[in-house]
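Because only heavy atoms are used, hydrogens play no part in the values below, and waters and symmetry mates are left out as well, while side chains stay in.
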Amino acid sequence: LTPARIMEVGMGFMASKTLIQSVDSGVFDYLDSHPQSTAAEIATAVSWTTEGRAAVDVFDTLVALGQLSRTDSAEGPGSLTCKYSLTPESSTFLVKSNQTKYVGGLLSMANTRLYPFFARLDIALKKNIPVNEMYDTGKPIWESLYSNPEKLESFLGAMSALGTGDGAMASIACADVFRKATHVVDIGGAAGSFLCAVLRAFPHLRGTGYDLPPVEVPFNNYIKAGNGDASKLAFVAGDFLVDEKFPEGDCYIMGHILHDWGTETKQMLCNKAFASLPPGGHLILYEFLIDDERRTSVSGLTMSINMRIETEKGYDYSLRDAKVWLEAAGFADVHRPPFPAS
């Protein structure tokens with residue numbers, strides 16, 4: 001018995017910060033266009049010093065994390081003359097130009113927003129209050145985010161990172177639903193990455209993004225950037241908490257929406273979805289689900305802790321929890337489809 005697993009978790013922020021700094025500094029973007037570059041060339045390109053071993057230590061940490069590959073020079077490992085390239089994983093998910101699969105936006109937002117707020121976890125646990133921007137300004141989180149263009153851009157970038165991956169997985173897991181549907185509406189759909197991923201897989205569909213008015217321009221810009229077919233996509237400005245009904249469609253998506261709210265609001269949103277859908281319509285929820293026994297889902301449970309930090313009453317949930325709200329709203333055949341393993 002050793003403390004190795006405890007130490008890996010407890011000190012994991014070091015690897016996380018190293019990876020995210022490399023994303024933010026453009027290491028992966030540079031290597032995408034300059035494969036087999038030396039450590040000295042990469043460091044110079046991203047404005048890091050070549051003095052000492054820090055830059056090389058970062059690149060070799062990325063090798064150990066499986067995000068870079070290295071070819072040793074005659075001087076051996078640890079030299080500025082060693083050459084580095086991307087791995088299949090990093091070239092797919094950490095290069096900014098690969099908009100349909102890029103997850104760096106989520107990592108950057110986690111670094112600038114979530115990481116500092118987690119330093120206040122003790123306050124959240126003792127006082128049962130949000131400790132994000134609300135703690136500093138007294139304003140609701142959505143007002144703080146959506147009234148600040150820079151923060152909104154960062155937040156939507158993070159949501160796009162989630163949406164691209166989730167949309168691709170949902171296209172496989174929920175294929176039977178999407179084949180039968182004609183019009184998908186993404187409730188609180190941010191910049192539209194999930195919709196675009198689904199419509200790429202099922203081009204017969206039309207898609208509508210439904211979100212607060214400040215999101216309309218980023219949504220349209222995301223489509224104009226070549227991520228989706230503008231003739232099949234539209235944006236409807238609204239407020240899903242206030243509007244009497246959701247926009248017309250026969251398949252609704254709620255991705256990372258219900259976890260923002262307390263039980264009463266969760267139930268209200270499920271009720272509104274059922275009332276807005278035509279007979280035979282579908283509602284797809286995607287979240288970091290917690291396992292029913294609350295023993296194994298680290299991602300779901302820690303995301304629920306994040307909701308304590310970020311919101312007044314939000315929490316993540318299990319399939320068992322969701323069934324209660326959905327069946328009370330009138331939905332039948334509530335189940336979790338098998339998701340892709342990777």
*Is it true that a side-chain atom of Ser297 and a backbone atom of Leu289 form a donor plus acceptor pair closer than 3.5 Å?*
yes
*Would you mind checking if Lys83 and Glu41 are paired as a salt bridge, meaning a charged N to carboxylate O distance below 4.0 Å?*
no
*Can you check whether Gly12's main-chain N or O pairs, donor with acceptor, with Ser16's side chain at less than 3.5 Å?*
no
*Would you check if the side chain of Ser33 reaches a backbone N or O of Tyr30 as a donor-acceptor pair within less than 3.5 Å?*
yes
*Once the angle between the rings of Trp48 and Phe59 is folded into 0 to 90°, is it parallel (under 30°), tilted (30 to 60°) or perpendicular (over 60°)?*
parallel
*Is Asp136 salt-bridged to Arg120, cutoff N-O under 4.0 Å?*
yes
*Is Glu287 reaching over with its side chain to a backbone N or O of Leu258, donor-acceptor style, under 3.5 angstrom?*
yes
*Would a distance-only check, ignoring hydrogens and angles, find a side-chain to backbone donor-acceptor pair under 3.5 Å from Ser25 to Val27?*
no
*Report the residues that fulfil side-chain hydrogen bond (donor to acceptor under 3.5 Å, both in side chains) with Asp57, sequence neighbours left out, ordered by chain and then residue number.*
none
*Please examine the side chains of Cys196 and Leu233, heavy atoms only from C-beta on, and report whether any two atoms are closer than 4.5 Å.*
yes
*asked:* Strictly distance-based, threshold 3.5 Å: is any side-chain N or O of Ser91 a donor or acceptor partner for the main-chain N or O of Leu86?
replied: no
*Salt-bridged, Lys126 to Asp122, with N to O below 4.0 Å?*
yes
*Is there a donor-acceptor contact under 3.5 Å linking the side chains of Asn111 and Ser108?*
no
*Centres of the Tyr286 and His256 rings: under 6.0 Å?*
yes
*Can you spot which of Asn271, Thr265, Thr263 makes a side chain to side chain donor-acceptor pair (under 3.5 Å) with Gln267?*
Asn271
